[in-house]
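Convention: sequence-line order gives letters A, B, ...; per-chain numbering from 1.
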Amino acid sequence: MSERAGGIEGLASEVRLYVFRQAAETGRVPQPAQTASALRRTEDEIREALKHLAAGKVLILAPNDGNIWAANPFCAVNSGFRVQANGRTYWGICIWDSLGIPVALGKNAVITAPCGDCGDPMSLEVRDGRLVRSEGVIHFAVAAHHWWDNIGFT
Amino acid sequence: MLLFRSEEHVDRWCLARDLQRGALLTPEQGWQLANGWYKDKLKPDWRRHTLEETEALLKDVGLTGPFWNLRD
């Protein structure tokens with residue numbers, strides 16, 4: 001691997017900034033091929049950097065193909081937790097991350113999420129840095145110490 | 001973590017999965033948690049919270065007790 005930009009730590013930092021900025025600016029989490037092209041690196045180099053970031057719990061990789069599942073709070077796929085903000089649609093992997101999107105962006109947002117039980121759509125609104133409208137309750141099924149046993153089910 | 005219409009819906013969801021109820025938060029607590037966790041995420045000098053910082057955040061949001069213990 002190239003040693004430019006300070007080895008794996010330097011490259012990982014460069015990848016982190018690119019991935020999160022792209023996700024924030026476009027609503028789409030860039031995958032390795034796009035990141036490699038943008039940073040003029042090989043896809044293998046980018047995948048190594050992503051593994052490094054995932055090991056540090058900076059983002060979450062999909063279990064099979066090594067693509068990014070979530071650059072938290074931004075989810076790479078339609079998760080059902082929709083966040084309308086900044087004139088775009090974003091996705092969070094859970095209600096915590098969905099609330100984290102307007103925080104990270106510093107923008108107003110309307111969050112639509114299904115009831116975990118019946119699936120009925122529910123809505124929350126963030127305006128001027130405050131949660132101004134909400135409904136329902138949030139449930140954590142897993143105790144905090146075990147969140148990272150399976151971060152997809154907490 | 002999921003959003004539910006009510007505590008009744010939480011209990012029905014848990015029952016269907018043979019799970020015990022975990023912990024409930026108000027949406028406002030979830031908002032405060034998200035604020036503490038994600039406010040710096042896009043900044044170049046962002047770093048993960050330390051264990052102590054995470055514990056302090058949970059405490060600030062009113063999340064205390066064994067369920068929220070981050071240590072062994």
Item checked: Test item: B:Arg5 side-chain N/O and A:Pro121 main-chain N/O as donor-acceptor pair under 3.5 Å -> yes
Against chain B, label [X] side chain, backbone, both or neither, depending on which of its atoms sit under 4.5 Å from a heavy atom there.
| X | answer |
| --- | --- |
| A:Leu131 | both |
| A:Pro114 | backbone |
| A:Arg16 | side chain |
| A:Val126 | side chain |

If hydrophobic clusters are built from ILVMFWY residues whose side chains come within less than 4.5 Å, do [X] and [Y] share one?
| X | Y | value |
| --- | --- | --- |
| A:Leu17 | A:Leu53 | no |
| A:Val110 | A:Trp96 | no |
| B:Leu24 | B:Leu57 | yes |
| A:Ile60 | A:Trp91 | no |
| A:Ile46 | A:Tyr18 | yes |

Check: Taking every heavy-atom pair that is under 4.5 Å apart, which of B:Arg48, B:Arg71, B:Glu7, B:Gln20 has the most such pairs with chain A?
Finding: B:Arg48
Item checked: Pick from B:Gly30, B:Ala16, B:Pro44, B:Ser6 with the largest number of heavy-atom pairs that fall under 4.5 Å of chain A -> B:Pro44
Tell me whether the count of non-hydrogen atoms from other residues, nucleotides or ligands lying under 6.0 Å of [atom1] in [X] goes above 12.
| X | atom1 | result |
| --- | --- | --- |
| B:Glu53 | CD | yes |
| A:Arg88 | CZ | yes |
| B:Arg12 | CZ | yes |
| B:Lys41 | NZ | yes |

For [X], is it the side chain, the backbone, both or neither that has a heavy atom under 4.5 Å from a heavy atom of chain A?
| X | answer |
| --- | --- |
| B:Asn35 | both |
| B:Trp68 | both |
| B:Arg21 | both |

Notebook entry, point to check: Which one of A:Asp120, A:Leu124, A:Ile101, A:Leu105 has the most heavy-atom pairs closer than 4.5 Å to chain B?
Noted result: A:Asp120
Check: Among A:Cys115, A:Gly129, A:Ser134, which has the most heavy-atom pairs under 4.5 Å with chain B?
Finding: A:Cys115
Note to self: A:His145 vs B:Asn69, test: side chain to side chain contact (heavy atoms under 4.5 Å, CB included). Steps then yes/no.
What the structure shows: CA-CA 6 Å; A:His145 185 65; B:Asn69 177 32; 5.8 Å; no
Item checked: Sub-4.5 Å side-chain heavy-atom contact between B:Trp37 and A:Asp97 -> no
Supply the atom-to-atom distance [X] [atom1] to [Y] [atom2], rounded to the nearest 0.5 angstrom.
| X | Y | atom1 | atom2 | answer |
| --- | --- | --- | --- | --- |
| A:Asn72 | B:Tyr38 | CG | OH | 4.0 Å |
| B:Phe4 | A:Cys118 | CZ | SG | 9.5 Å |
| A:Leu99 | B:Leu3 | CG | CG | 8.5 Å |

Margin query: Working note: B:Trp31 + A:Val103, criterion side chain to side chain contact (heavy atoms under 4.5 Å, CB included); need CA distance, chi angles, decisive distance, verdict.
Written below: CA-CA 9 Å; B:Trp31 170 243; A:Val103 173; 3.5 Å; yes
Check: Please walk me through it: do B:Trp46 and A:Phe20 pass side chain to side chain contact (heavy atoms under 4.5 Å, CB included)?
Finding: CA-CA 11 Å; B:Trp46 174 87; A:Phe20 282 86; over 6 Å; no
Next item on the list: Mind listing the closest non-hydrogen atom pair of B:Thr26 and A:Ile138 along with its distance?
Entry: O-CD1, 4.0 Å
Item checked: Considering all heavy atoms, the nearest B:Phe67-A:Phe140 contact -> CZ-O, 3.5 Å
Notebook entry, point to check: Do B:Leu2 and A:His139 pass the side chain to side chain contact (heavy atoms under 4.5 Å, CB included) test, and can you show the C-alpha distance, the side-chain angles, and the key distance before you say yes or no?
Noted result: CA-CA 6 Å; B:Leu2 299 175; A:His139 178 249; 5.6 Å; no
